[in-house]
Amino acid sequence: MIEAEKPGLAIGKQGAFLREIRTKTMWIPLIRRTPAIKSKLIDNVRAVLYQHSDYRRKFLDKVGHRIYDGWIREKKNEWIRVSYLGGGRQVGRSCLFLQTPESRVLLDCGVNIATSGTDAYPMLEAPEFNINDLDAVVITHSHLDHSGFVPYLFKFGYRGPVYCTAPTRDVMALLQLDLIKIAKNEGKEPIYTADDVKEMVKHTICLEYDEVSDITPDVRMTLYNAGHILGSAMTHLHIGNGLHNMLYTADMKYARTQLLEPAVTQFPRLETLMLESTYGGKDNVLPPRKEQEEQLRTVIADTMKKKGKVLIPVLGSGRAQEVVVLIENMVRTGLLDKVPVFIDGMVWDITAIHTAYPEYLNNTVRKLIFHKDQNPFLSPIFSRVGSKKERKEVIEDTGSCVILATSGMLVGGPSVEYLRQLCDNPNNSLVFVCYQGEGSLGRRIQRGEKEINFGSAAKPEISPINMNVTTLEGFSGHSGRQELMNFVYKCQPRPKKIILNHGENSRCLDLASSLHKACRVETTAPRNLDSLRIR
Ligand SMILES: [Zn+2]
Ligand SMILES: [Zn+2]
């Protein structure tokens, strides 16, 4: 394995160096990019894969045999069935179970961060699901509502493949390890251990966008850019040798963002579309992005004038890096005075992973990095904050600044810690840039709650929310209502049936009825535990 800052140099013109190394040493070199910001997680993932390369060879061979040795079940009628084990009329714990006469595949396996208790997890107790029969798991992107439960499958003996893009593998491992850490900090028993996460990494098969791959004898899969976060994919399934084609979008953005190209709309074939509905309601039209960027600039500039601090709670991946690149751009072009930006541990680590996969970013950012040697992530205005002590210094010893910290919905994590320290000062600002789940502290503050208990019921610690609160929905990595409708209009070919998921009850239903009227296609919005016969 050759790690290089500029992989092109190690590959040589049209692979000349690779060939030379091969002929002279009889070894096959694998080229990997050294991330511009050092990432311990990537080092660890690469080390796990390297240490277990013998096991990996046997594992991949076994997977290959399962796919190409022919059917193991009786070949009778052809049918396709999808069961909703999570993510039906809700945002959180996305998990679809796809069955054909031959195949058993999970599409996503997430947790619901906004709640606790058993309804935080996918309903694997559904009678049709048996972990011992599972052929493959496909993960669309690293957000925990899509990937957070995967190590649990390994805890209970699953040893089959997990398909995703390389950035998804790295970021989800990081977020899962963080989930374990947060549970421990809160004195709870984590649902799985770091060893289960490692087991998952050992069984991950990374695919690139547009790469066609058989995953079972009768399911052929292609991942397409979803425009949502780094490495996020829409899953296209070609089932039963031409019997049916479906697309599971999972979370997707049909618009260009600071970081990513918009979701793909051209497919070789498409009959059934499974579409997200996070902002599917009639009135969920997202404000124009330019306007929202200007508003963020104003909030930061005004807060700087008042010598206050701006807290932006973020999911580690997605909005955080959008905001990072945007602020860098505003400072570089003089739209905003130079302001220190403190990026808390998890967000920083995920930003580092972005620097290992610049080929997944949009044209503009790629050009900055490759041709101008101007990597926005490396700007000196950014500093990493890692420890409790450093957090204290940011709050007490620095003046005006911007702070990005997880969790995005203010449920656990350092963002809550910052909020507790900053909330009573009217000179400070709180800016929401991502979706606030039902029941989360973020949603309560958005609704206007003015006093928050940061302690417990027995030992209350009440603080007033005096800081200025702003919600900027335009930064969303999800498509707004209009973008969702446009995506369907632009889909080539036009789907014959649309299934809505990943949205609150009313939003799924609203989008289902609007698409039915506008496109004259069959639409449905299943609830959890509903099963649909697709063919
Ligand atoms: Zn997501
Ligand atoms: Zn999601």
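Numbering of ligands and ligand atoms starts at 1, following listing order. Given the structure is predicted, the values throughout are model-derived calculations rather than measurements.
One of the N, O or S atoms belonging to His502 lies under 2.8 Å away from the Zn ion (ligand 2). Checking His141 against the Zn ion (ligand 1), an N/O/S atom falls under the 2.8 Å cut-off.
The nearest N/O/S atom of Asp251 to the Zn ion (ligand 1) is OD2. Closest N/O/S atom of His228 to the Zn ion (ligand 1): NE2. Sorting the N, O or S atoms of His143 by how far they are from the Zn ion (ligand 1) puts ND1 first.
Take the Zn ion (ligand 2) as the corner point: the lines to OD2 of Asp145 and to NE2 of His146 open at 90°, to the nearest 10 degrees.
Side-chain contact, Asn501 with Tyr84: a donor N or O sits under 3.5 Å from an acceptor N or O.
Between Tyr192 and Phe154, the ring center distance fails the sub-6.0 Å criterion.
Two residues are said to be in side-chain contact when any heavy atoms from C-beta on lie closer than 4.5 Å; Leu175 and Thr406 fail this criterion.
Screening Glu483, Glu322, Glu473 for a salt bridge (charged side-chain N to carboxylate O under 4.0 Å, His left out) involving Arg289 leaves a single residue, Glu322. Residue Ile312 forms a side-chain contact (heavy atoms from CB on, under 4.5 Å) with just one option from Val433, Val347, Ile403, Leu430, and that option is Val433.
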